[in-house]
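Let me begin by presenting the structure, written as structure tokens, before commenting on it.
Here is how names work: the chains are called A, B, and so on, in the same order as the sequence lines, proteins then strands, and each is numbered from 1.
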2 protein chains.
Amino acid sequence: MYSVAEENYLKSLFNLANEDDLIHLKHIGEWLDVKMSSVTNMMKRFADKGLVHYENYKPVRLTDRGKREAALIVRKHRLTEMYLVEKMGFGWEKVHTIAEQIEHIHAPDLFDKMDEILGFPTVDPHGSPIPDKDGNIMEVQHKSLSECEIGEKATLMAVRQSSSDFLNYLNVRKLYLGQTVEVKEIEPFDGSMKIIYGTDQTEILSKKVCDMLLVR
Amino acid sequence: MYSVAEENYLKSLFNLANEDDLIHLKHIGEWLDVKMSSVTNMMKRFADKGLVHYENYKPVRLTDRGKREAALIVRKHRLTEMYLVEKMGFGWEKVHTIAEQIEHIHAPDLFDKMDEILGFPTVDPHGSPIPDKDGNIMEVQHKSLSECEIGEKATLMAVRQSSSDFLNYLNVRKLYLGQTVEVKEIEPFDGSMKIIYGTDQTEILSKKVCDMLLVR
DNA sequence: ATATTTTTTTAGCCTAGACTAAAAATAAGT
DNA sequence: ACTTATTTTTAGTCTAGGCTAAAAAAATAT
């Protein structure tokens with residue numbers, strides 16, 4: 001059984017792992033908003049518990065067990081988000097902060113019940129995959145909108161960020177998951193895109209926004 | 001904002017207050033399963049925060065503010081229990097332990113939504129009143145079954161204990177809230193009662209059980 | 001009224017998990 | 001290659017909230 005602090009570290013490791021699975025301690029500190037020395041301490045404890053591979057002055061890597069444990073917390077988070085949206089009527093921009101708390105509850109029954117009531121969903125309201133009960137993640141290969149070319153049609157599948165600011169930005173522009181958009185123009189200078197979708201709606205999206213939108 | 005530990009102390013004070021509102025520190029320690037010295041410490045902190053009236057070597061008493069804060073945590077607990085039973089299909093014997101965790105979540109939206117979805121219930125699945133948003137408790141005057149006389153008919157309104165053992169005991173005997181029972185015999189020696197209810201079902205209930213059953 | 005038991009307080013210790021400040025190792029720039 | 005900047009580690013503090021053991025007060029029994 002892990003403490004809330006430990007679970008948050010696990011989650012940060014899950015979210016920060018790059019292609020080669022390496023995680024720089026600096027980034028953990030930034031993500032969790034704690035100082036580096038705290039991170040070092042916790043990573044040593046994690047190494048003792050067999051959750052990470054750790055060598056002095058090197059970036060850290062989750063062990064298989066660490067990956068599984070991390071995925072199980074993410075599972076609780078994403079199931080909760082889905083439940084809050086689908087069964088309680090919350091907007092997708094509200095659920096992240098509530099789920100951040102509920103994810104730390106130790107009650108397998110509760111999450112199994114959510115899963116069942118929701119009909120065993122595979123993605124959460126932000127399009128992120130929900131790990132299964134063994135911690136396995138269905139890998140999906142989305143590209144970001146900013147990789148699309150002029151004339152290309154793309155369907156919004158997920159967002160890279162779940163901050164309420166960003167989701168509100170999408171809400172006011174009616175950019176919901178499932179929406180298909182067509183790239184009309186790309187500004188070469190700053191990478192911003194003009195898109196058209198729905199009933200003649202057009203928007204200019206900055207590069208930053210396009211990076212955050214995952215499409216198929 | 002209170003810590004989990006503080007919230008648990010508040011809840012224990014709420015549950016242990018007797019007629020004259022006095023609470024012996026000993027009982028707090030037993031209820032929370034912590035040592036007396038820890039209780040003394042916390043009560044001093046509570047006194048500083050204006051949550052209790054405290055004098056050395058005397059039993060403690062919640063201030064008005066303390067009562068309100070305590071009731072608001074109990075509100076979260078009882079709304080959660082009701083939600084788990086009514087909307088997620090849990091048995092009343094399962095929900096206490098889950099609600100003990102969810103009650104510590106800081107998300108007014110979540111509990112307001114539960115309240116709304118449930119249609120603003122006034123009692124939880126165990127018949128205990130749910131405090132309102134200002135911390136006011138609807139006082140109900142139930143007597144316990146053991147105070148009834150032979151021939152008296154009484155309707156089960158609430159239970160004094162929510163332990164799963166006790167609730168399972170009631171489940172197997174189909175003694176649910178709302179059931180009306182008639183007292184057939186009272187054993188003068190040990191206070192046990194023979195009751196009849198439903199379609200000719202009879203049971204012998206010990207004094208201890210009768211004390212725990214609240215009726216009208 | 002005194003002795004005994006129970007309850008409460010005090011004093012000091014421990015752990016988790018943060019912090020700061022300084023030292024050491026690595027990475028980057030010229 | 002050497003200097004500078006960045007990242008990581010070490011060492012030592014702090015707070016919340018437990019703990020034990022001993023001392024003090026209150027309650028109970030003789």
Side-chain angles (χ1 to χ4, degrees), chain A residues 1-14 16-18 20-62 66 69-70 73 100-101 103-106, chain B residues 1-14 16-18 20-62 66 69-70 73 100-101 103-106:
Chain A
M1 194 102 352
Y2 301 99
S3 70
V4 170
E6 288 172 328
E7 292 193 348
N8 283 329
Y9 274 95
L10 274 172
K11 212 170 35 129
S12 78
L13 295 171
F14 181 96
L16 291 170
N18 58 15
D20 36 339
D21 281 1
L22 297 177
I23 305 139
H24 289 270
L25 302 215
K26 178 109 183 303
H27 299 150
I28 302 171
E30 287 164 356
W31 213 82
L32 293 175
D33 198 25
V34 298
K35 300 294 170 189
M36 281 289 307
S37 53
S38 310
V39 177
T40 304
N41 268 335
M42 190 60 93
M43 287 309 102
K44 292 192 158 173
R45 283 177 50 196
F46 271 26
D48 291 345
K49 294 191 179 195
L51 293 171
V52 297
H53 299 291
Y54 171 71
E55 289 175 82
N56 261 8
Y57 296 104
K58 295 248 178 80
V60 87
R61 203 160 42 80
L62 280 168
E69 302 288 7
I73 294 156
E100 293 240 82
Q101 296 181 68
E103 73 195 1
H104 300 299
I105 284 174
H106 297 291
Chain B
M1 196 104 349
Y2 301 98
S3 71
V4 170
E6 288 171 328
E7 293 194 348
N8 282 329
Y9 274 96
L10 274 173
K11 214 170 33 128
S12 77
L13 294 172
F14 181 96
L16 292 171
N18 58 14
D20 35 338
D21 282 0
L22 297 177
I23 304 138
H24 289 270
L25 302 213
K26 178 109 183 301
H27 299 150
I28 302 170
E30 287 164 357
W31 213 83
L32 292 175
D33 198 25
V34 297
K35 300 296 170 186
M36 282 288 309
S37 53
S38 309
V39 177
T40 305
N41 268 334
M42 190 59 94
M43 286 309 103
K44 293 192 158 177
R45 284 176 49 196
F46 270 27
D48 291 345
K49 294 190 179 196
L51 293 170
V52 297
H53 299 291
Y54 171 72
E55 288 175 82
N56 260 8
Y57 295 105
K58 295 249 178 79
V60 88
R61 204 160 41 80
L62 280 167
E69 301 290 7
I73 294 156
E100 291 238 86
Q101 297 181 68
E103 73 195 0
H104 300 298
I105 283 172
H106 296 293

Looking at side-chain heavy atoms only, is the closest gap between B/M42 and B/V34 below 4.5 Å? no

Quickly work out the A/M1 CE to C/dA16 P distance and round it to whole Å. 17 Å

Is B/Y2 close to B/N8 at the side-chain level, that is, under 4.5 Å between some pair of heavy atoms? no

With a 4.0 Å limit, can you tell me whether B/S38 has a side-chain N or O closer than that to the phosphate oxygens OP1/OP2 of D/dC19? yes

Sorted by chain and residue number, the ring-ring contact (aromatic ring centres under 6.0 Å, His included) partners of A/H53 (sequence neighbours excluded) come out as none

In this structure, how many angstroms lie between the P atom of D/dT7 and the CE atom of A/M43, rounded? 17 Å

Whole angstroms only, please: what is the CD1-C1' distance between A/I28 and C/dG17? 15 Å

Side-chain contact test, heavy atoms from C-beta onward, threshold under 4.5 Å: evaluate it for A/D21 versus A/L62 and give yes or no. no

Quick test of your reading of the model: are B/E30 and B/K26 salt-bridged, counting only N-O distances below 4.0 Å? yes

Could you tell me the separation between the CG atom of B/D48 and the P atom of D/dG17, rounded to a whole number of Å? 13 Å

Does any part of the side chain of B/W31, heavy atoms only, come nearer than 4.5 Å to the side chain of B/V39, both counted from C-beta? no

Give the rounded distance in Å between these two atoms: CE of A/M42 and P of D/dT8. 17 Å

For a stem of at least 3 consecutive Watson-Crick or G-U pairs with distances under 3.5 Å, i pairing with j, i+1 with j-1 and so on, which stems involve DNA chain D? C:1-30 with D:1-30

Does the side chain of B/L16 reach to within under 4.5 Å of the side chain of B/F14, using non-hydrogen atoms? no

d(OH, A/Y9; C1', C/dA16) in whole Å: 11 Å

Hey, are the side chains of B/L13 and B/F46 touching, using non-hydrogen atoms and a 4.5 Å cut-off? yes

What one-letter contact string describes nucleotides 7-13 of chain C from 5' to 3', where B marks a base within less than 4.0 Å of any protein heavy atom, S marks contact via sugar-phosphate atoms alone, and - marks no contact? SBBB---

